[in-house]
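Below you'll find the structure, written out as structure tokens, and then a few comments.
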Amino acid sequence: QVQLAESGGGSVESGGSLRLSCVASGDAFNEYCMAWIRQAPGKEREVVVSIDSNSGTNSADSVKGRFAGSRDNAKNTIALEMNTLKPEDTAMYYCAAVRGFSCPPRTLGIGPYRYWGQGTQVTVSS
């Protein structure tokens, strides 16, 4: 199993940028699919971007061209670079993991993700 801890959230104006980080400890990091998942007020959690063990990514349509997920297997970390932020990006952002070299299909949603961090808040003001 892995333990996850996010950092880097905060408040920013519309059009601004933020970078989130997540550090993993425990099991073999490179054997896990990692993901950034968010939950906006009053909405269900959604997978923002998943990152497989080879750093292949799959992003939600709502963030394509603005957000980029990455991982560093040597440092047991993943990151989420968020640009051109919009008020609708306001949410709690979670780092999550599921064992496997490839990531679950987006159609499965958040269900497969077994390990979660405590979350970091991102607030975008208009």
Side-chain angles (χ1 to χ4, degrees):
Q1 60 181 5
V2 290
Q3 294 78 45
L4 306 172
E6 305 94 337
S7 61
S11 297
V12 65
E13 292 186 351
S14 182
S17 299
L18 280 174
R19 177 181 171 88
L20 306 183
S21 297
C22 172
V23 60
S25 59
D27 214 344
F29 179 72
N30 66 329
E31 295 181 3
Y32 285 81
C33 159
M34 303 297 296
W36 288 101
I37 293 170
R38 69 183 180 185
Q39 186 168 24
K43 295 188 177 181
E44 295 184 352
R45 294 185 181 185
E46 65 167 343
V47 179
V48 178
V49 60
S50 60
I51 312 168
D52 66 29
S53 60
N54 290 321
S55 295
T57 61
N58 189 328
S59 301
D61 288 343
S62 59
V63 305
K64 284 181 179 176
R66 300 189 299 122
F67 291 13
S70 62
R71 72 189 288 163
D72 186 334
N73 287 339
K75 296 182 178 179
N76 286 13
T77 60
I78 66 169
L80 182 65
E81 195 74 40
M82 303 185 292
N83 298 308
T84 320
L85 282 159
K86 304 175 180 179
E88 51 263 43
D89 295 318
T90 294
M92 185 70 78
Y93 284 73
Y94 298 91
C95 173
V98 58
R99 197 173 187 98
F101 293 103
S102 59
C103 288
R106 293 190 59 80
T107 52
L108 296 180
I110 67 168
Y113 293 91
R114 181 173 180 183
Y115 305 101
W116 293 73
Q118 80 286 356
T120 186
Q121 179 67 37
V122 171
T123 302
V124 184
S125 59
S126 58

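- Between Lys64 and Ser59, the closest heavy-atom pair is CE-O, 3.1 Å.
- The heavy-atom pair separating Ala5 from Gln118 by the smallest distance is CA-OE1, 3.8 Å.
- Here the OG atom belonging to Ser25 is positioned 9.5 Å from the CD atom belonging to Gln1, to the nearest 0.5 angstrom.
- Here the shortest heavy-atom pairing between Ser14 and Pro87 reads OG-CD, 3.8 Å.
- Not a single side-chain contact (heavy atoms from CB on, under 4.5 Å) links Pro41 to another residue, sequence neighbours left out.
- Side chains of Asn83 and Ser17: a donor on one and an acceptor on the other come within 3.5 Å.
- The other members of the hydrophobic cluster of Tyr113, by chain and number, are Ile37, Val47, Met92, Tyr94, Val98, Ile110, Trp116 (side-chain heavy atoms under 4.5 Å, ILVMFWY only).
- Residues Asp52 and Arg71 have side chains not in contact (no heavy-atom distance under 4.5 Å, counting atoms from C-beta outward).
- At most 12 non-hydrogen atoms from other residues, nucleotides or ligands lie less than 6.0 angstrom from CD of Glu44.
- The residue from Thr90, Val122, Val63 that alone fulfils the side-chain contact (heavy atoms from CB on, under 4.5 Å) condition with Arg38 is Val63.
- Residue pairs that meet the disulfide bond (SG atoms under 2.5 Å apart) test with at least one member in residues 23-86, sequence neighbours left out, are Cys33-Cys103.
- For Arg99, the CZ atom is densely surrounded, since the number of other residues' heavy atoms within 6.0 Å is greater than 12.
- Counting only residues at least two apart or in different chains, disulfide bond (SG atoms under 2.5 Å apart) contacts with residues 52-85 are absent.
- Nearest approach of Pro104 to Leu108, heavy atoms of both residues: CB-CD1, 4.3 Å.
- Between Asp89 and Lys86 there is no salt bridge, since no side-chain N of the basic residue sits under 4.0 Å from a carboxylate O of the acidic one.
- Residue pairs meeting the disulfide bond (SG atoms under 2.5 Å apart) criterion with at least one member in residues 49-101, sequence neighbours excluded, are Cys22-Cys95.
- Scanning for side-chain hydrogen bond (donor to acceptor under 3.5 Å, both in side chains) contacts around Lys43 gives an empty result, with sequence neighbours left out.
- Contact between Ile78 and Trp36 at its shortest, heavy atoms only, is CD1-NE1, 3.4 Å.
- For the pair Tyr93/Met82, a side-chain contact is recorded, criterion being any heavy-atom separation below 4.5 Å from C-beta on.
- Between Pro112 and Gly109 the shortest heavy-atom distance is CD-O, 3.5 Å.
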